[in-house]
Amino acid sequence: MENLASRTVKIWYTHTWISSAEQLHKLLNVDPCINFVYDDVSPQYLFAGEQIYTSAQSMKIFLRLCQTPAIRIFFSLEAISPDFNIFDYAITNDLDLSYGNRAIRMRYSLNWDEMHDFDVPRDMAQTRRWLKEKTDFCNFIYSNAQAHPLRDQLFHKICEYRLVHSLGRHLRNAAPPAHISSDILGSIDLKRPYKFSIACENATFKGYTTEKLLTSFQAKTIPIYWGNPEVAREYNPKAFINCHDYDNFDQVLEEVKRIDQDDDLWCQMISQPPCTKEQIIQRNEDRAALGAFVSDILTKDTDQLLARPQGYWPMYLFRWFCAHSLEESKIRLFMRKVKYKTKWIIQSVLHRVWRGGGKSLFSPAARSIFAALKLFSKRLEIFQPG
């Protein structure tokens, strides 16, 4: 094995939002003495995320590189567990995952740089000034219509008390300010005028807590959280409304009412630090452990690292995986073409109606056709993240 000070490893990563080797290096907190070089022909290490299950292009690349002797590492911060028949090692936020030296947990917040003051209590006088700046009740900012149904149910339940502003593409009932970006950091500014934020994950999964809670904390709004049943292990339970602590959403709504109608209660909750000092210490220890785990793998000779099963049945299982993955990729490509074709048809119909003076747009038959096309288009949108 070469000297660590000059260690260079060839990697490839199928994740669509990893744009550079430097970004991956930072995400995994890898020893700075290790240098990444992208190699899409014969990488030593193949990092693959959930995109291999949702992107035909990512799956195609992954299957091609699986023909090389690369060590396969599953790396995903979504609500999904790895298949150790396919991968040698895994980095995931699965709180229950324990697989010897082949897996480590990486929580989403490990790379949330803005957490430097999350264990600092807020001054009550400051929280009262923040309350005076709140002009609206509650927000709901989502684009994915295919998330767990409880997310929409919570939205509708809170709306029974007061209107919740839905600012995303899904269930939109209010227009977001045009000057605010639609990225993650932009959502902080969107949430800032609100007393509460519905912070729901797209799935329920132990350990799966994403930016939806973090951005709410940063916007100085009280999160109404659902998703990770163990969220209180990593975030201060006094700083948010945890839906997992209640038997149903009716009880959650009563708690929202109680806090909304009592300014002192709202200020007391906002004054709480999002994390306790002990939770921040544990986060820093987890980040150090992640870096040590990945660095250890990357500094060993790859012939010592092969950990996935080998032999007769593993061979047949992998053949099955490849065959079904390729078939699924073909289906996804076909559905994508159908989706775009449908969108083109709708646009063409609207254009013709507009050129015709728009009168037929309001006929009962036209409304029925447009409603059917809209429903069909919505059902095609099955690959949305978030």
Side-chain angles (χ1 to χ4, degrees), residues 1-53 55 57-78 80-94 97-106 110-111 287-322 325:
M1 182 170 60
E2 61 190 284
N3 190 297
L4 178 59
S6 60
R7 179 75 167 171
T8 298
V9 297
K10 298 185 295 182
I11 68 166
W12 188 255
Y13 194 72
T14 63
H15 212 305
T16 54
W17 55 261
I18 299 291
S19 59
S20 67
E22 292 76 16
Q23 185 181 6
L24 182 61
H25 202 287
K26 179 182 177 183
L27 280 171
L28 298 178
N29 195 32
V30 176
D31 191 302
C33 296
I34 301 174
N35 300 311
F36 285 166
V37 175
Y38 270 157
D39 185 333
D40 65 346
V41 177
S42 57
Q44 296 168 281
Y45 302 91
L46 171 58
F47 289 85
E50 68 279 356
Q51 272 67 23
I52 64 172
Y53 302 112
S55 165
Q57 182 64 21
S58 292
M59 175 56 77
K60 184 178 179 181
I61 295 173
F62 176 71
L63 293 180
R64 174 173 62 81
L65 294 179
C66 278
Q67 305 307 311
T68 73
I71 298 300
R72 304 172 198 159
I73 302 174
F74 182 79
F75 173 33
S76 173
L77 298 182
E78 295 296 337
I80 184 172
S81 296
D83 185 344
F84 285 105
N85 292 301
I86 307 299
F87 293 94
D88 297 289
Y89 301 93
I91 303 165
T92 173
N93 59 23
D94 189 340
L97 184 64
S98 178
Y99 218 83
N101 66 347
R102 294 179 62 186
I104 193 168
R105 179 165 181 260
M106 176 182 176
L110 290 190
N111 289 282
R287 180 165 173 75
L290 171 67
F293 174 84
V294 178
S295 298
D296 183 62
I297 292 174
L298 298 179
T299 54
K300 289 181 178 178
D301 292 326
T302 54
D303 57 5
Q304 301 175 4
L305 294 169
L306 184 65
R308 60 186 182 268
Q310 303 290 306
Y312 182 79
W313 285 112
M315 175 187 67
Y316 272 95
L317 185 144
F318 189 68
R319 286 181 181 176
W320 175 88
F321 173 80
C322 293
S325 298

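- Annotation: side chain of Tyr89 is in contact with side chain of Leu305 (closest heavy-atom distance under 4.5 Å).
- Side chains of Tyr99 and Pro82 form no contact here, defined as non-hydrogen atoms less than 4.5 Å apart.
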Q) Which is it for Tyr45 and Val294 under the side-chain contact (heavy atoms from CB on, under 4.5 Å) test, yes or no, and what are the steps along the way? A) CA-CA 11 Å; Tyr45 302 91; Val294 178; over 6 Å; no
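- Checked against the 6.0 Å centroid threshold, Phe75 and Phe293 do not count as a close aromatic pair.
- Judged as a salt bridge (Lys or Arg N to Asp or Glu O under 4.0 Å), and not counting sequence neighbours, the contacts of Arg105 are Glu234.
- Taking both residues in full, the closest heavy atoms of Ile71 and Leu306 are given as CD1-N, 3.7 Å, listed atom of the first, atom of the second, then distance.
- A cation-pi arrangement is not found for Arg72 relative to Phe321, the charged atom failing to lie both closer than 6.0 Å to the ring centre and inside a 45° cone about the ring normal.
- The minimum heavy-atom distance linking Met106 with Leu27 is given by the pair CE-O, 3.2 Å.
- The distance from atom CD1 of Ile34 to atom OG1 of Thr8, rounded to the nearest 0.5 Å, is 10.0 Å.
- Minimum heavy-atom separation, Gly49 to Thr14: N-OG1, 3.6 Å.
- When side chains are defined from C-beta on, Leu24 does not count as touching Val30, because their heavy atoms never get closer than 4.5 Å.
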Q: Apply the test side-chain contact (heavy atoms from CB on, under 4.5 Å) to residues Ile86 and Leu317: give CA-CA distance (whole Å), side-chain angles for both, the deciding distance (0.1 Å), then the verdict.
A: CA-CA 9 Å; Ile86 307 299; Leu317 185 144; 3.9 Å; yes
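- Taking the centre of each ring, Tyr38 and Trp12 come in below the 6.0 Å mark.
- At least one side-chain heavy atom of Ile73 sits less than 4.5 Å from a side-chain heavy atom of Ile91.
- With sequence neighbours left out, Asp296 forms a salt bridge (Lys or Arg N to Asp or Glu O under 4.0 Å) with Lys300.
- Not one N or O on the side chain of Asp94 forms a donor-acceptor pair closer than 3.5 Å with the backbone of Ser81.
- Listed by chain and residue number, Asp88 satisfy the salt bridge (Lys or Arg N to Asp or Glu O under 4.0 Å) test with Arg308 (two or more places apart in sequence, or in another chain).
- Side chain of Asp301 to main chain of Asp303: no donor-acceptor pair is present (N/O by atom type, distance under 3.5 Å, no hydrogens or angles).
- Going from atom NZ of Lys60 over to atom CG of Leu65 covers 12.0 Å, rounded to the nearest 0.5 Å.
- Two residues are said to be in side-chain contact when any heavy atoms from C-beta on lie closer than 4.5 Å; Asp40 and Arg64 meet this criterion.
- Distance check, rounded to the nearest 0.5 Å: OH of Tyr13 to CD of Gln51 gives 7.0 Å.
- Looking at Thr302 and Gln44, their side chains never bring a donor and an acceptor atom within 3.5 Å of each other.
- Side chain of Ser295 to backbone of Ala292: no donor-acceptor contact under 3.5 angstrom is found.
- The distance from the CZ atom of Phe62 to the OH atom of Tyr53 is 7.0 Å, given to the nearest 0.5 Å.
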